[in-house]
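This report refers to the structure that appears directly beneath it.
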Number of protein chains: 2
Amino acid sequence: MISKQEERLEKILSILKLSNPATVNKLAQLLDVSHMTIRRDVEILEKEKRVEVFHGGIMLPDSHRGENWKEYTLADATSIMCEEKKRIGLKAALMLKDNDSLILDTGSTTEYIAQSLNPQYSLSIVCFTLNALINVSKLKKSKIIFPGGYFHRNTLMFESEEGINILKKNRAAFAFVSASGISLSLGVTCSNSYERETKKTIMESSMKKVLVADSSKFDVVHSTYFAELQDFDALITDDGIPDSYRLFCKNNSIELLTV
Amino acid sequence: MISKQEERLEKILSILKLSNPATVNKLAQLLDVSHMTIRRDVEILEKEKRVEVFHGGIMLPDSHRGENWKEYTLADATSIMCEEKKRIGLKAALMLKDNDSLILDTGSTTEYIAQSLNPQYSLSIVCFTLNALINVSKLKKSKIIFPGGYFHRNTLMFESEEGINILKKNRAAFAFVSASGISLSLGVTCSNSYERETKKTIMESSMKKVLVADSSKFDVVHSTYFAELQDFDALITDDGIPDSYRLFCKNNSIELLTV
DNA sequence: AAACTAATGTTAAAATAATAACATTTTAGG
DNA sequence: CCTAAAATGTTATTATTTTAACATTAGTTT
């Protein structure tokens, strides 16, 4: 025998699937019971982790929706320089106009670019990471090229010799390149040697090369060298960077955008 | 000139992307403004249909959320033969043991295979579609190879000459191949010509070739021919298939698994 | 810099939601 | 059919959120 309550629990979940979140009163009205009954039901569902409750509403937990991004993102709201990265990403996206082509390098900053791209534009986008791919695949009007290869779980990057060959066949108006270290004396570096060939090829295939990096990356050196700062046409960062870099950009006619 | 308010509006949307829904107070605290400022901002966003407001919180409308996982799946619970496909997918996944290698073809049935793979196993997986990739990327112990290339939005498939080359470098114990038509006289067919090269190469690179297809695909022909039924070592389907195929499998020592 | 305007902040009152205690109804067992 | 227990409903209280009116601050113009 199935109890009335069990039936209601399922009905509540069904309702939530269709309109998430819902209020206690709405559920009470729909199921024709008092708000306290709904509260008691919801309490059970919450203990079983089947719903999440907050003041004013009930909703399905992330895991029961498509929303469990955490698996596919490097962009963590609690991470350092998160706000700066978001601003940098937005600034980069705003450089583009309809019908532009771009190459998106790896990293969390470039993920914010992907999130900020205008869905109304018909862009041509090349990218290399699962997090970027998931974001750009939503852009219905844009053409997506994903060179692919072997998966590196920590960076969510795919890379291969053949992927490089696909990249070499393509050209882009813009390349948005990330870095984990930028130094005036030792150049621009990243953390993983497998990134090097891709990054170098990105630079060779694009017209306007834009370095995107928050200020924590400056005067920092990582293991793998892939470019000099003067190889870039523009730099988007936040205003925490040392003055020496401002001067260097001025002297080398690198467009400096601080957000 | 971009106003402070416009900046905040974007920030609010960014925050919502990462934690949906959010309360007015949370936003006020994060953005370091008063709750009234947030309210006035949210009012604007609501008028522009960019957020939805309810007593106790603000959230992104469905279309702007990660919740629309429909973007990344071919497996629609309301589609025909859905239950059969799920059972076929599970049966296929159960053929595997730890440390096995496999190639996952395109389609909704193979998506169910991806969903059914054992996360405890250390598998080596090659796949070609975004929907499969999103599922297998969760398998933390498995190695993922994604040949990549040009994106076809309707099938979520990526394909390219270079992708084929990556595939040729790899071998797998199992290939799970899908089809949109199976006929004794006209062979095994799919709907898109761009799938052909990939499918043929999958067959060449794998030891045990398993055709996965629900019974609605039998005695059906589609535009692109890529294999004969006897090229397969096993067939997983439901028991709605015509007897002629049962006989054919027996005569050609194709292992027939019905679920 | 003064005056004006727009934006933001403060506060208190009103509306809504959550909680708790108790009343009523329903259900199951004898 | 009666009783006890469980489930549900009612009501009052408390907590939270929303609204609205007004005060303050920041930005612009002259």
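Reckoned from all heavy atoms, side chains included, excluding hydrogens, waters and symmetry mates. A note on names: the letters A, B, ... follow the listed sequences, proteins ahead of strands, and every chain is numbered from 1. Predicted model only: the values in this text are computed from it and were never measured.
- Summarising the local packing, CD of A:Gln29 is surrounded by 12 or fewer heavy atoms from other residues, nucleotides or ligands at distances under 6.0 Å.
- Side-chain contact, A:Asp105 with A:Thr110: no donor N or O sits under 3.5 Å from an acceptor N or O.
- The pair A:Asp231-A:Lys209 fails the salt-bridge criterion, with no side-chain N (NZ, NE, NH1 or NH2) lying under 4.0 Å from an Asp/Glu carboxylate O.
- D:dA7 atom C1' lies 13 Å from atom CD1 of A:Ile38, rounded to whole Å.
- In the model, A:Asn131 has a side-chain atom that pairs as donor or acceptor with a side-chain atom of A:Glu111 under 3.5 Å.
- Between the CD atom of B:Glu43 and the C1' atom of D:dA20 there is a distance of 12 Å, given to the nearest Å.
- Note on ring orientation: taking the six-membered ring where Trp is involved, the planes of A:Phe158 and A:Phe146 are perpendicular (angle over 60°, cut-offs 30° and 60°).
- Across the protein-nucleic acid pair, B:Asp32 atom CG and C:dT8 atom C1' stand 12 Å apart, rounded to whole Å.
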What protein N or O atoms touch nucleotides 18-22 of chain C N or O atoms at under 3.5 angstrom, if any, and at what distances?
from: C:dA18; atom 1: OP1; to: A:Gly56; atom 2: N; distance (Å): 3.0
from: C:dA18; atom 1: OP2; to: A:Arg39; atom 2: NH1; distance (Å): 2.8
from: C:dA18; atom 1: OP2; to: A:Arg39; atom 2: NH2; distance (Å): 2.4
from: C:dA18; atom 1: O5'; to: A:Arg39; atom 2: NH1; distance (Å): 3.4

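- If you check the side chains of B:Thr37 and B:Ser34, you find a donor sitting under 3.5 Å from an acceptor.
- Computed from coordinates, the A:Leu27 CG to D:dG9 C1' distance equals 17 Å when rounded to whole Å.
- At most 12 non-hydrogen atoms from other residues, nucleotides or ligands lie less than 6.0 angstrom from NZ of B:Lys91.
- Neither OP1 nor OP2 of D:dT8 sits under 4.0 Å from any side-chain N or O of A:Thr37.
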Distances under 3.5 Å between protein N/O atoms and the N/O atoms of nucleotides 23-25 of chain C, please, pair by pair.
none

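- Remark: the A:Asp214 side chain and the A:Ser216 side chain contain an N/O donor-acceptor pair separated by less than 3.5 Å.
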